[in-house]
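Read through the structure below, which is laid out as C-alpha cells, and then see the notes.
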2 protein chains.
Amino acid sequence: MHSAEETEEPGGYQPWSEVTPDAARRLLVAAVDAFAERGYHATTTRDIASRAGMSPAALYIHYRTKEELLHRISRIGHDKALEILSTAADGPGGAAERLAAAVRSFVRWHAAHHTTARVVQYELEALGPEHRAEIVALRRESDAAVRRILAEGVEAGDFDVPDVPGTTLAVLSLCIDVARWFNTAGRRSPEEVGELYADLVLRMVGARQK
Amino acid sequence: MHSAEETEEPGGYQPWSEVTPDAARRLLVAAVDAFAERGYHATTTRDIASRAGMSPAALYIHYRTKEELLHRISRIGHDKALEILSTAADGPGGAAERLAAAVRSFVRWHAAHHTTARVVQYELEALGPEHRAEIVALRRESDAAVRRILAEGVEAGDFDVPDVPGTTLAVLSLCIDVARWFNTAGRRSPEEVGELYADLVLRMVGARQK
DNA sequence: CCGGAGGGTGAGCAAGCGCTTAGGCGTGCT
DNA sequence: AGCACGCCTAAGCGCTTGCTCACCCTCCGG
C-alpha cells in the first residue's frame, strides 16, 4: 500500500528537509497545499499563515513576500525534477532503458507529489521576471536531458523519431500534465501510471522491441 | 501563411458569433485575452472593461458576475472541443483514420486558439460548484468519444492497447497540454503540430502500419 | 414631440488584500 | 542578574477588489 496523506507525504520520507528553520518549512508546506488547491493568486497570506498555525505577520519573518515563497517552492521542485531526469539520462543501459527510466521516475514524482508538482508546473507565470527567468533556464536543462536521450537513441538506431525536438516537447508535456489530472480521477498508483507512461513513450519513439 | 493576430483570430473566420449583443461579445473577447494572459484570479473587472473600451460598470449590464463571464467562455469552448472530437469519432474510415483525424483537429484547435484553450482547460477550478459540475460532464463526454475509438480499434485488431482507459487519458492529456506551451516556444504552425501529434498517438496505440 | 427602454458612465462602498510596525515573551550568553 | 537576540502576535495602514447606484445619453414607435 502507499499510505494515506495528511498533507501529501508518505510515512518516513521527508522532503523540504533543506528548508530551515522549522517554522519556515511549516509555512512553505502550508503554501504548497494552498497554492495547489486554489492557485497562487487566489491564496491569501492569511490563509497560508493560518494553515501553518501562525499569525499573518509570522510569514514575513521568514519570507520577504508571498512571491518569494512561490519562488522557493518552484526552485526546489525544479531542482528535484531536473535531478530525476538527468540521473536517468546519465544512467546505465541503452537509450530505450534510460528513456523508460526517466519517464517512469519523472511521472512517478509528478503523481506522488502532485500537489507540489501542480504548483511547480502551473504557477510559473505568477513569478516575477527575474525569478521566472531563472526557472525557465532550469526547464531548458530538463528539455536538453530528454532530447539527449532521444538523439542518442536515434543515432544508435534504437529509435525511429522523425522530429526530435517536437517529440521531446511532447514527451515532457505528457509527463508534466500528470500533475494536473492525477488523483482527481481514478485510483491508479503513481507506480502504475509511471509504468504505463514509460511504455507509451517507448512506443512514441518507435523503440525496437527487445 | 497563417496571419498575424491582433487578439487571436485569423482573417475572415469569426468565432464567438453566438454571443450577442455586440458589446457583450467585445467584453467576452477581452476577458479571454486577459484570463489567458494573467489567469482568472489575477484579472480585474476593470482590466476586462478597459480592454473592451468601456467603463468598469458596463460589464455588469451584460454579465452578473466575473465568474459568469468565465462560465460562458468555458461552456462555449467545451462545446466546440466536444464537437470537434465527436465529429471525428463518428466520421468515416477505420479506427486509425478516425483517431488520427480527431487528434489532428483537436490539437489544431488548441494550438490555433491557444488563448481561448488556455482559459477553457486551465481555469476550471475558478468556476463555482454548479458551473464546474456542468463543465465536468462535458469533459466526460470528450473522454468517452476518444475511448470509443480506441475500443473499436482494439476490437477490430487495428490497435494494440493494453490499458484503454489509461491510454485515453494520456491521449487527451497530451492534446490538451498543447494549449499550455504553444507559441511560448518555437514557430511551428498549428497544422504541423497536429500532424506530428496524430503520428505520435497512432504509435501510442500500436496502430498497424498501412 | 414625447416617453420609455436599452446601453452606457462617474463616483464610490464594503470588504479583503499584501505587508508593516510596535511590542512581548522566552532562551542562552555574559 | 542583565540583556541582546530570535521568533511571534495584535493591530492596522494604504490600496485594490468585485460590484452597485444614481443618473445620462441616444434611438425609435405613437
Side-chain angles (χ1 to χ4, degrees), chain A residues 16-74 119 123-132, chain B residues 16-74 119 123-132:
Chain A
W16 308 122
S17 49
E18 59 267 69
V19 182
T20 54
D22 189 77
R25 178 170 50 246
R26 270 158 51 218
L27 282 164
L28 192 134
V29 169
V32 168
D33 288 351
F35 290 162
E37 223 171 80
R38 311 207 222 275
Y40 175 81
H41 287 293
T43 299
T44 70
T45 54
R46 281 163 239 261
D47 184 22
I48 296 169
S50 85
R51 279 179 197 243
M54 300 179 189
S55 82
L59 198 153
Y60 295 90
I61 296 166
H62 301 282
Y63 303 94
R64 261 172 311 186
T65 63
K66 180 175 137 184
E67 193 266 354
E68 185 184 314
L69 204 34
L70 176 62
H71 170 62
R72 280 267 231 286
I73 294 167
S74 202
V119 178
E123 302 288 345
L124 280 190
E125 299 185 357
L127 289 169
E130 334 77 35
H131 285 163
R132 179 157 59 238
Chain B
W16 307 123
S17 47
E18 59 266 69
V19 182
T20 53
D22 189 76
R25 178 170 50 245
R26 272 158 50 218
L27 282 165
L28 192 133
V29 169
V32 168
D33 288 351
F35 290 162
E37 225 172 79
R38 309 208 224 276
Y40 174 81
H41 287 294
T43 299
T44 69
T45 53
R46 279 164 242 259
D47 184 24
I48 296 169
S50 85
R51 279 177 196 245
M54 301 179 188
S55 81
L59 198 153
Y60 295 91
I61 296 167
H62 301 284
Y63 303 94
R64 260 170 311 185
T65 62
K66 183 176 136 185
E67 193 265 354
E68 185 183 314
L69 245 179
L70 176 62
H71 170 62
R72 280 267 231 286
I73 294 167
S74 201
V119 178
E123 303 287 346
L124 279 191
E125 299 186 355
L127 289 169
E130 335 74 37
H131 284 164
R132 179 157 59 240

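Keep in mind the model is a prediction, meaning the values are calculated, not measured. Letters A, B, ... are given to chains in the order of the sequence lines, protein chains preceding strands, and every chain is numbered from 1.
Side chain of A57(A), nearest nucleotide from dC19(D), dT21(C), dG18(C): dT21(C). Here dC7(D) is the nucleotide among dC7(D), dC21(D), dC19(D) with the atom lying nearest to any side-chain atom of I61(A). The side chain of P21(B) lies closest to dG7(C), out of dG10(C), dG7(C), dT9(D).
Under a 3.5 Å cut-off, the side chain of R72(A) and the backbone N or O of L28(A) do not form any donor-acceptor pair. Under the 3.5 Å distance criterion, the side-chain polar atoms of S50(A) are left unmatched by any main-chain donor or acceptor of G53(A).
With rounding to whole Å, R38(B) atom CZ is found 14 Å from dT17(D) atom C1'. One atom, CD1 of I48(B), and another, C1' of dT17(D), lie 12 Å apart when rounded to the nearest Å. When rounded to the nearest whole Å, the span between CZ of R26(A) and P of dC8(D) equals 7 Å. The CG atom of D47(B) sits 16 Å away from the C1' atom of dC19(D) (whole-angstrom rounding). As rounded to whole Å, 18 Å separates atom P of dT26(D) from atom CG of D22(B). In this structure, M54(B) atom CE and dC25(D) atom C1' are separated by 15 Å, rounded to whole Å. Atom-to-atom, OH of Y63(B) to P of dG18(D) comes out at 16 Å; the value is rounded to the nearest Å. The OH-C1' distance, from Y40(B) to dT17(D), rounds to 12 Å in whole Å.
Looking at R46(A), its side chain comes within 3.5 Å of the base of dG18(C) through a donor and an acceptor atom.
The side chain of H62(B) places an N or O atom within less than 4.0 Å of a non-bridging phosphate oxygen (OP1 or OP2) of dG8(C). Contact between the side-chain N/O atoms of T45(A) and the OP1/OP2 oxygens of dG18(C) is found at a separation under 4.0 Å. A close approach under 4.0 Å does not occur between any side-chain nitrogen or oxygen of Y60(B) and OP1 or OP2 of dT20(D).
Between R25(A) and D22(A), some side-chain heavy-atom pair lies under the 4.5 Å cut-off. For the pair Y40(B)/H41(A), no side-chain contact is recorded, criterion being any heavy-atom separation below 4.5 Å from C-beta on. Looking only at side-chain heavy atoms (C-beta outward), E67(A) and H131(A) come within less than 4.5 Å of each other.
Contact annotation for T44(A): backbone-only contact, meaning every heavy-atom pair under 4.0 Å involves sugar-phosphate atoms and none involves a base.
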